[in-house]
Amino acid sequence: MKTQSSATTPTSIAVTAPQERGGAGTALAFLGVAAFSLTFPATAWGLEGFGPWSLVAARCVLAALVAGGCLLALRVPLPERRHLPGLAVVAAGVVLGFPLLTTLALQTSTTAHAAVVVGLLPLTTAVFAVLRTGSRPSRRFWLAALAGAAAVVAFTLAQSGGSLTVADGYLFGALLVCAAGYTEGGRLARVMPGWQVIGWALVLCAPLTVPAAAVALAYEPVHLTWHGIAGLLWVALGSQFLGLVVWYRGMALIGVPRASQLQLAQPLLTLVWSALLLGEHFTAAAPLTAVAVLVCIAVTQRS
């Protein structure tokens with residue numbers, strides 16, 4: 001009996017541990033998605049009190065102060081030189097590129113229309129992950145990912161009247177740089193904690209964002225309102241730092257392609273927040289699209 005027990009115990013551990021990691025990774029990645037879903041409405045609020053350049057620069061500076069304080073308080077050593085190129089991609093895509101391009105787009109676009117970029121982001125991130133990390137998702141994964149992206153894009157375009165706006169150039173640029181930043185950050189999160197990935201990316205950008213914030217705040221008018229302050233605080237601390245901390249950790253646990261597909265739910269969550277916080281409206285097609293997206297997410301997670 002003793003021999004049988006010792007022989008079966010490792011098997012039990014080997015089977016349950018990956019499942020536990022997968023469950024935790026999925027939960028963390030979805031927390032990141034929930035945080036990101038508030039980004040567009042919070043940005044719209046922030047634009048009520050700040051100019052676009054001021055808002056982007058200020059959010060980066062505030063997030064860098066928090067991240068740098070954490071790194072300093074915990075005496076985290078400097079990242080290895082071999083990780084600097086990857087951190088630079090995260091900084092360019094997630095810290096600078098995506099916030100700037102989407103903020104410029106939201107000057108002339110509604111949050112509902114801007115959500116089209118998030119509708120394509122899961123598929124784009126999965127493609128970047130295949131090219132960068134060599135992962136090979138199954139055919140069923142790709143079919144479900146394409147179906148989910150098509151459902152979200154069709155719904156979002158229907159919400160905006162089926163037409164493309166001038167802001168779409170900004171949005172599609174944001175799509176590409178963000179997918180690259182997500183992929184590289186997910187890869188780095190396998191060798192260092194996720195909060196350090198985004199923390200060092202924010203700190204690396206500080207020499208650019210601090211003077212940029214000073215110049216932008218001097219030239220763009222600032223009208224302090226509760227909406228403006230709340231929007232700035234959320235995009236700086238919720239979207240730019242805390243959301244990315246749990247997002248990168250989740251990607252490290254379950255893989256970039258699988259985590260990326262959880263973002264199929266993000267545009268629908270954004271539309272809910274837009275209706276509640278901004279008074280925007282959407283049609284009865286929303287729940288039908290939500291069901292279709294949830295089915296696609298379930299298939300990609302099982303694939």
Side-chain angles (χ1 to χ4, degrees), residues 32 35-36 39 42-43 46-47 49-107 128 132 170 173-189 191-222 224 228-229 231-245 247-249:
F36 300 152
T39 300
T43 299
L47 287 171
F50 301 87
W53 296 91
S54 300
L55 181 61
V56 172
R59 71 181 274 184
C60 292
V61 171
L62 288 177
L65 287 174
V66 174
C70 293
L71 292 168
L72 188 61
L74 296 176
R75 298 182 179 180
V76 177
L78 293 173
E80 298 178 26
R81 182 174 296 181
R82 62 192 177 97
H83 297 321
L84 291 180
L87 289 172
V89 173
V90 175
V94 177
V95 176
L96 297 177
F98 187 80
L100 177 60
L101 292 171
T102 54
T103 300
L104 292 174
L106 285 172
Q107 291 184 102
F128 270 78
R132 182 68 180 89
Y170 291 131
L175 169 73
L176 295 176
V177 297
C178 188
Y182 279 172
T183 301
E184 202 63 26
R187 186 186 66 82
L188 287 174
V191 295
M192 67 173 71
W195 74 271
Q196 292 183 23
V197 174
I198 187 58
W200 284 121
L202 286 163
V203 171
L204 286 174
C205 288
L208 294 175
T209 56
V210 171
V215 172
L217 289 170
Y219 283 92
E220 287 184 335
V222 175
L224 293 181
I229 294 172
L232 171 61
L233 290 177
W234 180 259
V235 295
L237 304 181
S239 302
Q240 193 80 68
F241 185 60
L242 297 177
L244 286 168
V245 168
W247 174 244
Y248 281 141
R249 179 57 181 161

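Residues: numbered from 1 along the sequence shown. Please read all numbers here as calculations on a predicted model, not as lab measurements.
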Sequence-distant partners of [X], side-chain contact (heavy atoms from CB on, under 4.5 Å), two or more places apart:
X: F36; result: T39, Y182, L244, W247, Q263, Q266
X: P193; result: W195, Q196
X: V203; result: L71, W200

From [atom1] ([X]) to [atom2] ([Y]), nearest 0.5 Å:
X: L217; Y: L55; atom1: CG; atom2: CG; answer: 10.0 Å
X: L100; Y: T102; atom1: CG; atom2: OG1; answer: 8.0 Å
X: F241; Y: L62; atom1: CZ; atom2: CG; answer: 12.5 Å
X: F98; Y: L176; atom1: CZ; atom2: CG; answer: 11.5 Å
X: L175; Y: L101; atom1: CG; atom2: CG; answer: 10.5 Å
X: C70; Y: L65; atom1: SG; atom2: CG; answer: 11.0 Å

Original post:
Are V95 and I198 close enough, and set up right, to give a side-chain contact (heavy atoms from CB on, under 4.5 Å), and what steps lead you there?
Top reply: CA-CA 8 Å; V95 176; I198 187 58; 3.9 Å; yes
Search all heavy atoms of [X] against all heavy atoms of [Y] and return the closest pair with its distance.
X: A57; Y: A212; result: CB-C, 4.0 Å
X: G199; Y: A67; result: CA-CB, 3.6 Å
X: A35; Y: G243; result: CB-CA, 3.9 Å
X: V177; Y: G97; result: CG2-C, 4.0 Å
X: L47; Y: G51; result: CD2-C, 4.2 Å
X: A63; Y: A236; result: CB-O, 3.3 Å

Original post:
Who passes salt bridge (Lys or Arg N to Asp or Glu O under 4.0 Å) against R82, sequence neighbours left out?
Top reply: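 Residues passing salt bridge (Lys or Arg N to Asp or Glu O under 4.0 Å) with R82: E80.
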Subject >> Contacts of type salt bridge (Lys or Arg N to Asp or Glu O under 4.0 Å), residue R249, not counting sequence neighbours >> reply: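 R249 satisfies salt bridge (Lys or Arg N to Asp or Glu O under 4.0 Å) with no other residue.
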Side-chain donor-acceptor contacts of residues 85-94 below 3.5 Å, not counting sequence neighbours, with atom names and distances?
none

**OP:** Take L237 and V66, measure what side-chain contact (heavy atoms from CB on, under 4.5 Å) needs, and give me the verdict at the end.
**Re:** CA-CA 8 Å; L237 304 181; V66 174; 3.5 Å; yes
Subject >> Residue pairs fulfilling side chain to side chain donor-acceptor pair (under 3.5 Å) with at least one residue in residues 50-79, sequence neighbours excluded >> reply: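 Passing the test, one end in residues 50-79: S54-E220, R59-Q240.
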**OP:** Decide yes or no on side-chain contact (heavy atoms from CB on, under 4.5 Å) for T209 and V56, but give the supporting numbers first.
**Re:** CA-CA 9 Å; T209 56; V56 172; over 6 Å; no
